[in-house]
Amino acid sequence: MMMEKNASSEDFFILLGFSNWPHLEVVLFVVILIFYLMTLTGNLFIIILSYLDSHLHTPMYFFLSNLSFLDLCYTTSSIPQLLVNLWGPEKTISYAGCMIQLYFVLALGIAECVLLVVMSYDRYAAVCRPLHYTVLMHPRFCRLLAAASWVSGFTISALHSSFTFWISLCGHRLVDHFFCEVPALLRLSCVDIHANELILMVMSSIFVLIPLILILTSYGAIAWAVLSMQSTTGLQKVFGTCGAHLMVVSLFFIPVMCIYLQPPSENSPDQGKFIALFYTVVTPSLNPLIYTLRNKDVRRAVKRLMGWEWG
């Protein structure tokens, strides 16, 4: 009943985005478009290269391909809408469109949190349990872990999105954000939202803090194992792959924690927009660069694909 009331009273929202800074909109359009094209190109490159080169048919690159596909979907769920709003005077999104966008943004964000934990476990198994690695990271088990990441994201998002859209908006339709995000929508409510804020905090703790703790635990064990290594080459390889993953984890989790681990009523909307811009636009475009720039496996795969190297 409440959802019907909200939908029938106002069948669209106005995404205010960066309308407070009209002189920045053209600049933001160009910059965001460049980053979006970088995201599409870089992540598609990783997916295609991992598929075509048999030397990259390993658990690490299987999970990296999943991360790239997640990033593609994540940015595409919000950035095209933002580009349209920045380019033209119309800044509206339909009620159904807002629901769908919120659902996919949450689902893909949660799935990425879980997948980053899976990737840290893969690195832990490779460094700390090398003799058992092929048994621990069997292809079937890898597919199961990847599927669990996706399923958990879409399942939890269905519950959390429904909680958000059950609140009464009382005709309010000015969303002070550039996409439909939980904190921004909660600020529209004209009723007590303490229960919703509590749910948001609990869910964020489960799917942000717990994954982060698990990742840091994995890398603590890796660091301990690395310190006992005698091989300089082995050390460099470990720091290369694990350092890249830790950088990706930091770029994703730090801004997300700034948004979701405090009540929406205490958040600055303007500050929240620029933080969200970082993890929806900048981070997905940097992930391919972080994983490939100093990665010898990727450089060799490119050479083999181009016919510059044999064997």
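This chain uses plain numbering: 1 for the first residue, then up along the sequence.
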Enclosure of Trp21 CH2 (heavy-atom neighbours >12, cutoff 6.0 Å): yes
Phe253 side chain reached by Glu112 side chain, heavy atoms, under 4.5 Å: no
Residue pair Leu214, Tyr121: steps toward the side-chain contact (heavy atoms from CB on, under 4.5 Å) verdict: CA-CA 9 Å; Leu214 291 173; Tyr121 174 73; over 6 Å; no
Phe252 versus Gly109, closest heavy-atom pair with distance: CZ-O, 3.8 Å
pair Tyr61-His55: side-chain heavy atoms closer than 4.5 Å: no
Phe278 ring center within less than 6.0 Å of Phe35 ring center: no
Geometric class of the Phe165/Tyr95 ring pair [parallel <30°, tilted 30-60°, perpendicular >60°]: perpendicular
Any donor-acceptor N/O pair, Ser189 side chain to Leu185 backbone, under 3.5 Å: no
In one Ile/Leu/Val/Met/Phe/Trp/Tyr side-chain cluster, 4.5 Å: Val26, Val84: no
Main-chain N/O of Leu72 paired with Thr75 side-chain donor or acceptor, under 3.5 Å: yes
Backbone N/O of Ile46 and side chain of Ser68: donor-acceptor pair under 3.5 Å: no
Side-chain (Ser161) to main-chain (Ala158) donor-acceptor, under 3.5 angstrom: no
Donor-acceptor pair, side chain of Tyr103 and main chain of Ser162, under 3.5 angstrom: no
Evaluation steps, side-chain contact (heavy atoms from CB on, under 4.5 Å), between Val27 and Phe18: CA-CA 11 Å; Val27 176; Phe18 301 94; over 6 Å; no
Minimum side-chain heavy-atom gap His245-Tyr291 below 4.5 Å: yes
Residues Tyr36 and Ser285: side-chain donor-acceptor under 3.5 angstrom: no
Residue Tyr51 excluded, over 12 heavy atoms near OH under 6.0 Å: no
Heavy-atom pair with the smallest gap, counting every atom of Pro284 and Asn43: O-ND2, 3.2 Å
Worked verdict on Val282 versus Leu277 for side-chain contact (heavy atoms from CB on, under 4.5 Å): CA-CA 7 Å; Val282 179; Leu277 202 59; over 6 Å; no
Residue pair Tyr219, Ile222: steps toward the side-chain contact (heavy atoms from CB on, under 4.5 Å) verdict: CA-CA 5 Å; Tyr219 281 101; Ile222 289 171; 3.7 Å; yes
Within-4.5 Å side-chain heavy-atom neighbours: Met203 and Tyr260: no
Any Tyr124 side-chain heavy atom under 4.5 Å of Thr217 side chain: no
Common cluster, Leu145/Val135, ILVMFWY with side-chain heavy-atom separation under 4.5 Å: no
Residue pair Leu209 / Ser204, side-chain heavy-atom distance below 4.5 Å: no
Criterion side-chain contact (heavy atoms from CB on, under 4.5 Å) against Asp297, the qualifying member of Thr58, Leu56, Leu49, Asp53: Leu56
Atom pair OG1/CD of Thr164 and Glu181 - distance to nearest 0.5 Å: 10.5 Å
Smallest separation among heavy atoms of Phe179 and Val105, with atom names: CE1-CG1, 3.6 Å
Check: Ser77 side chain, Tyr74 main-chain N or O, donor-acceptor pair, under 3.5 Å: yes
Minimum heavy-atom distance Ala184-His177, with the two atoms named: CB-CB, 3.7 Å
Same apolar cluster (I L V M F W Y, side chains within < 4.5 Å links), Leu24/Ile79: yes
Point-to-point distance, once rounded to the nearest 0.5 Å, from OG of Ser157 to CG of Leu106: 4.5 Å
Shared hydrophobic cluster, Val302 / Leu44 (ILVMFWY, side-chain heavy atoms < 4.5 Å): yes
Rounded distance [0.5 Å steps], CG in Leu108 versus SG in Cys73: 5.5 Å
Asn20 backbone acceptor or donor facing Glu25 side chain under 3.5 Å: no
Atom pair CD1 (Ile210) and CD1 (Ile215), whose distance is rounded to the nearest 0.5 Å: 12.0 Å
Check: Trp150 and Asn66 side chains under 4.5 Å, non-hydrogen atoms: yes
Reported OG-to-CG distance for the pair Ser78 and Leu83, which is rounded to 0.5 angstrom: 9.5 Å
Polar side-chain atom of Asp122 near backbone of Val118 as donor-acceptor pair, under 3.5 Å: no
Lys91 side chain to Asn85 backbone, donor-acceptor under 3.5 Å: yes
Same cluster (ILVMFWY, side-chain, under 4.5 Å), Val151 and Phe207: no
Non-hydrogen atoms of Cys128 and Ala221 that approach each other most closely: SG-O, 3.6 Å
Euclidean distance, Leu116 CG relative to Ser218 OG, rounded to 0.5 Å: 11.5 Å
Phe63 versus Leu115, closest heavy-atom pair with distance: O-CD2, 4.0 Å
Pair Asp176 + Arg187, salt bridge at N-O below 4.0 Å: no
Test item: Ile156 and Ile206 side chains (from C-beta on) under 4.5 Å apart, heavy atoms: no
